[in-house]
Amino acid sequence: MKKLALDFYRRENVLEISRDLMGKVLVTNWGGGITSGRIIELEAYAGAPDRASHAFGGKLTDRNRVMYMDGGVAYVYLCYGIHHLFNVVTHRKNTPHAILIRALEPLNGIPVMLERTGKEEPDNSLTRGPGNVSKALGIHTIHTGFSLRSKELFIADDGYQYSNKEILTSPRIGVDYAGKDALLPFRYYVKGNAFVSGKPK
DNA sequence: GAGTAGATCCTCT
DNA sequence: GAGGATCTACTCA
């Protein structure tokens with residue numbers, strides 16, 4: 001297991017980084033032990049020109065400030081008053097690119113995830129959907145701005161790779177308000193994986 | 001299996 | 001004061 005280098009996150013093409021993040025392992029290690037999962041679904045948010053992005057038009061607020069930092073940090077925020085959503089900030093300072101992690105395939109610390117989510121048995125809903133991912137890994141808004149190379153939170157490469165045939169793209173979910181940009185195929189997911197959110201195809 | 005409503009609170013205008 | 005990068009449970013068929 002090798003932590004991804006900062007250069008990985010600081011490239012200019014957010015779609016290329018998204019594709020490369022597929023199959024990598026997201027790890028948290030706080031309050032209860034290590035929990036980790038393989039990234040099997042995500043969405044790219046391409047900064048100021050992207051209507052669906054929180055940073056559309058170069059908007060800068062206290063909430064989205066970390067999106068403007070150098071790549072390689074976490075951006076966590078609360079949605080619908082209930083769900084914590086975890087993003088990876090990419091590109092360089094002042095270019096607010098981000099990638100939303102939508103689903104994982106659980107690897108380590110499943111008992112801890114069950115405890116956090118209040119479930120008895122592991123099932124497909126444990127880490128399906130961005131709200132559940134954060135819940136299972138214990139990610140909260142206080143973790144926004146965290147480095148992705150810290151001891152408590154990081155993304156690693158364990159050598160596993162999905163082939164191009166296994167990865168599909170689609171429009172992003174829940175961004176109908178973004179007009180034309182809602183149709184962009186910026187969502188990546190693993191074909192046939194039971195943890196992918198939305199309707200099975 | 002498909003469709004819909006309700007939860008619930010922070011952030012921005 | 002309004003609305004949101006969502007999830008779950010419940011209804012009806």
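Any value given below was found using the heavy atoms of this structure, including those in side chains, with hydrogens, waters and symmetry copies removed. Residue numbering restarts at 1 for every chain, and letters A, B, ... go by the order of the sequence lines. Because the structure is predicted, anything quoted here is derived from the model rather than measured.
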Grouping I, L, V, M, F, W and Y whenever their side-chain heavy atoms are under 4.5 Å apart, do [X] and [Y] come out in a common cluster?
X       : Y        : value
A:Leu26 : A:Met22  : yes
A:Phe56 : A:Leu184 : no
A:Tyr45 : A:Leu183 : no

- Message: Give the residues of residues 8-26 of chain A touching DNA chain C, defined as any heavy atom closer than 4.0 Å, sorted by residue number.
- Response: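 By residue number: none to list.
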- Of all of residues 51-63 of chain A, which get a heavy atom below 4.0 angstrom from DNA chain C, listed by number?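 Output list: A:Ala52, A:His54.
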- Given A:Glu105, A:Glu41, A:Glu166, the one that forms side-chain hydrogen bond (donor to acceptor under 3.5 Å, both in side chains) with A:Asn193: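 Checked A:Glu105, A:Glu41, A:Glu166 against A:Asn193; only one passes side-chain hydrogen bond (donor to acceptor under 3.5 Å, both in side chains): A:Glu105.
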- Query: Which other residues belong to the hydrophobic cluster containing A:Val25, where Ile, Leu, Val, Met, Phe, Trp and Tyr are joined when side-chain heavy atoms lie under 4.5 Å apart, directly or via other members?
  - Reply: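 The other cluster members (ILVMFWY side chains, heavy atoms under 4.5 Å, direct or chained) are A:Met1, A:Val27, A:Ile34, A:Leu107, A:Phe154.
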- Query: Given the side-chain rings of A:Tyr160 and A:Tyr162, with only the six-membered ring counted for Trp, is the space between their centroids under 6.0 Å?
  - Reply: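 A:Tyr160 vs A:Tyr162: aromatic centres under 6.0 Å.
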- May I ask you to check whether A:His143 and A:Phe146 place their ring centers less than 6.0 Å from one another?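 Centroid separation for A:His143 and A:Phe146: below 6.0 Å.
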- Which stems does DNA chain B form, counting runs of 3 or more consecutive Watson-Crick or G-U wobble pairs with both distances under 3.5 Å?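 Looking at DNA chain B, the stems formed by three or more consecutive pairs are B:1-7 with C:6-12, B:9-12 with C:1-4.
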- Item | NZ or CZ of A:Arg11 within 45° of A:Tyr9 ring axis and under 6.0 Å |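 No; the conditions do not both hold, so A:Arg11 does not lie above the ring face of A:Tyr9.
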- Step-by-step side-chain hydrogen bond (donor to acceptor under 3.5 Å, both in side chains) determination, A:Ser36 to A:Asn108: CA-CA 5 Å; A:Ser36 69; A:Asn108 293 307; 3.2 Å; yes
- Item | Interatomic distance, A:Glu43 CD vs C:dT6 C1' [rounded to whole Å] |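 To the nearest whole Å, that distance equals 11 Å.
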- Task: Write down the distance between CZ (A:Arg65) and P (B:dC12), rounded to a whole number of angstrom.
- Result: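 It is 10 Å, rounded to the nearest whole Å.
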Okay, side chain of [X], backbone of [Y]: is any donor-acceptor separation there less than 3.5 Å?
X        : Y        : result
A:Thr28  : A:Leu137 : yes
A:Arg38  : A:Gly23  : yes
A:Arg172 : A:Asp181 : yes

- Can A:Lys2 and A:Asp158 be counted as an ion pair, charged N to O under 4.0 angstrom?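 Looking at A:Lys2 and A:Asp158, the cut-off is not met.
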- Query: Between A:Asp62 and A:Arg65, is there a side-chain N and carboxylate O pair less than 4.0 Å apart?
  - Reply: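 A salt bridge is present here (some side-chain N lies under 4.0 Å from a carboxylate O).
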- Message: So if I take residues 77-90 of chain A and measure heavy-atom distances to DNA chain B, which residues fall below 4.0 Å?
- Response: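 A:Leu78, A:Tyr80, A:Gly81, A:Ile82 - these, ordered by number, are the residues of the stretch whose heavy atoms sit under 4.0 Å from the strand.
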Close N/O contacts between protein and nucleotides 8-11 of chain C (under 3.5 Å):
unit_1: C:dT8; atom_1: OP1; unit_2: A:Asn132; atom_2: OD1; d: 3.3

- Should the pair A:His97 and A:His91 be assigned to parallel (<30°), tilted (30 to 60°) or perpendicular (>60°) ring geometry?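 If you compare the ring of A:His97 with that of A:His91, the planes turn out perpendicular.
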